[in-house]
2 protein chains.
Amino acid sequence: MTVEFRDVEAAAARIDGMAVRTPLLSFPALDARIGARVFVKPENLQRTGSFKFRGAYNRLAQLTEEEKRAGVVAWSSGNHAQGVAAAAKLIGAPAAIVMPADAPAIKVANTKAYGAEVVPYDRYTESREEIATRLAEERGATLVPSFDDEDIIAGQGTCGLEIAEQGKAAGVAFNAVLVCCGGGGLVAGSATAIKELSPDTDVYAVEPAGFDDHARSFVAGERVGNDPDARSICDALLAPKPGALTFPINQRLLAGGLVVTDDEARDAMRFAFSELKLVCEPGGAVALAALLTGKLEADAVAVVISGGNVDPGVFAEIISG
Amino acid sequence: MTVEFRDVEAAAARIDGMAVRTPLLSFPALDARIGARVFVKPENLQRTGSFKFRGAYNRLAQLTEEEKRAGVVAWSSGNHAQGVAAAAKLIGAPAAIVMPADAPAIKVANTKAYGAEVVPYDRYTESREEIATRLAEERGATLVPSFDDEDIIAGQGTCGLEIAEQGKAAGVAFNAVLVCCGGGGLVAGSATAIKELSPDTDVYAVEPAGFDDHARSFVAGERVGNDPDARSICDALLAPKPGALTFPINQRLLAGGLVVTDDEARDAMRFAFSELKLVCEPGGAVALAALLTGKLEADAVAVVISGGNVDPGVFAEIISG
């Protein structure tokens, strides 16, 4: 079981007209700061405010009529929740989402606004998998994993496919593409597309400190998990360990893993506010943070800003800080 | 003296590769909210964080070598200041900018960061025109007006030219385009391009309450000014009355003027933060505000977000409010 380039192409056809084809942006101020040609893929401008809609819609669009009627169940810290809820609304299926009780309020409110039922759980004491699996069984509903699923990976991969296509259209050969990494679905799917269309481009996973399970797993040569006591403001990237499906893909295709601290993510959010005029959530800013802190050097590089769903109070505090 | 479509085309060729060709964005959440196809032209993503670089570069690129050596002088509340300062740096000319002492700190800091000399004045008791004119005379420098100048208007018009071109490429026939209006240069230049390429599209000027001099002048049939005691948070749009050059163009080409309150501008900034993930300054949000408050109905409409240069403290207060 893996994901092929043709799966990403099929996903692109499926989401066409439903997902936003986000632009590939460049900013003279960012180029000057880095001393390179930098391109930003702003998935915060995607439907639901993050890339997660891509995978969710690709998965849900393939449900049978009977499966649609029975509905879908997912667990998510918030962006996958919104992606599944929005996709479910578009295809006319009921959705229930298991979300941490401490998820950002904007993510909970948006998920409910798309018509989904939100089932809260305690991030540190309860198992979201168990709650969601039981719910799905009770209802005969389809479980929609947030990353360890071929259709989800292929859907997220359309982000990388667009980067490769838009780079080519702009006449740019990227040395590197930096993609944030929680469970690893976005970077696995994106690398599948990028390495097919531009084999010389190095793709990196960027993780928050304490949740650098991919970086350590690449070194270990096997999947290793994070300390259960680790904490980070990057609420979108707190997966316990690499996925069974995503890790082999990432191990095969990626050039490595980069790690940024919460303070570096905050600095990147401030930079995006003041120089790029873009609203990033903490997890959405880690790839930009890796570039701004010089963790990688390149002549031509693309970074994904993966989401912008951040509570006003948190954002206000960070930009004022 | 006026501005023709060919002047905008010439400006587009001149700024090519220097200004950012900002994308034309669409957002499912905005379409759903308005019940129409809405397109956003995000000039907050432009070099210097506002559209003003377009006109400034178009003007400065035409200076002779002797004029470049003598330098340029401008007055501005901040966005034209940054545009002129950045353009002057690119062509290698010294720049002095007369700025209000109460201009947003980010605008003053950025203007200085481009290497320009900043000369502060009191917005309510001193004449910026007199200070700047005297400076220019003393130095033999070229005065660069912020709106009442053919090259400035033609340069800003490239924003409208791109909207018309990008709309056509997307297969959209706009009923209306909403453009913010201070001195009226952006809307005059943009209307010059839009009415040439899409004669059936209505172009509207959007102004803050208290600074609705264009709206009242359209009704009066002649240029009327604002109450000198009027105040607004839209610091980029506080021109005292329509320009001698911009007004006849706007009177001829525009469908009318729309007016939004400061609170409506704040609401639009909050909407842009939470739903569009874009940072707007108050004056940059008025066209979006007019649309969100239903001041105009259309099936397909484009709005210009003209700038995003806002102090973190002000932004934090507005999104938290």
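Chain A is the first sequence line, chain B the second, and so forth, proteins listed ahead of strands; every chain is numbered from 1.
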B/Lys112, NZ atom: more than 12 neighbouring heavy atoms under 6.0 Å: no

Interatomic distance, A/Leu45 atom CG to B/Glu275 atom CD [nearest 0.5 angstrom]: 12.5 Å

Between A/Asn309, A/Val20, A/Ile318, A/Leu276, which residue shows the highest count of heavy-atom pairs closer than 4.5 Å to chain B? A/Asn309

Could you tell me whether A/Glu317 atom CD has more than 12 heavy atoms of other residues or ligands within 6.0 Å of it? no

Using non-hydrogen atoms and a 4.5 Å limit, figure out which bit of B/Ser26 sits close to chain A: side chain, backbone, both or neither. backbone

Parallel, tilted or perpendicular: ring planes of B/Phe315 versus A/Phe273, cut at 30 and 60 degrees: tilted

Taking every non-hydrogen pair under 4.5 Å, which of A/Arg47, A/Glu281, A/Arg270, A/Gln46 racks up the most with chain B? A/Arg47

Would you mind checking which part of B/Leu25 comes under 4.5 Å of any heavy atom in chain A, side chain (CB onward), backbone (N, CA, C, O), both or neither? side chain

Quick one: which of A/Gly308, A/Ala29, A/Pro312 has the most heavy-atom pairs under 4.5 Å with chain B, could you say? A/Pro312

Counting distance only, does the side-chain N/O of A/Lys277 pair as donor-acceptor with the main-chain N or O of B/Val279 below 3.5 Å? no

Given heavy-atom pairs under 4.5 angstrom as the criterion, report whether the side chain, backbone, both or neither of B/Leu278 touches chain A. both

How long is the gap from CG on A/Asn110 to OG on B/Ser274, to the nearest 0.5 Å? 8.0 Å

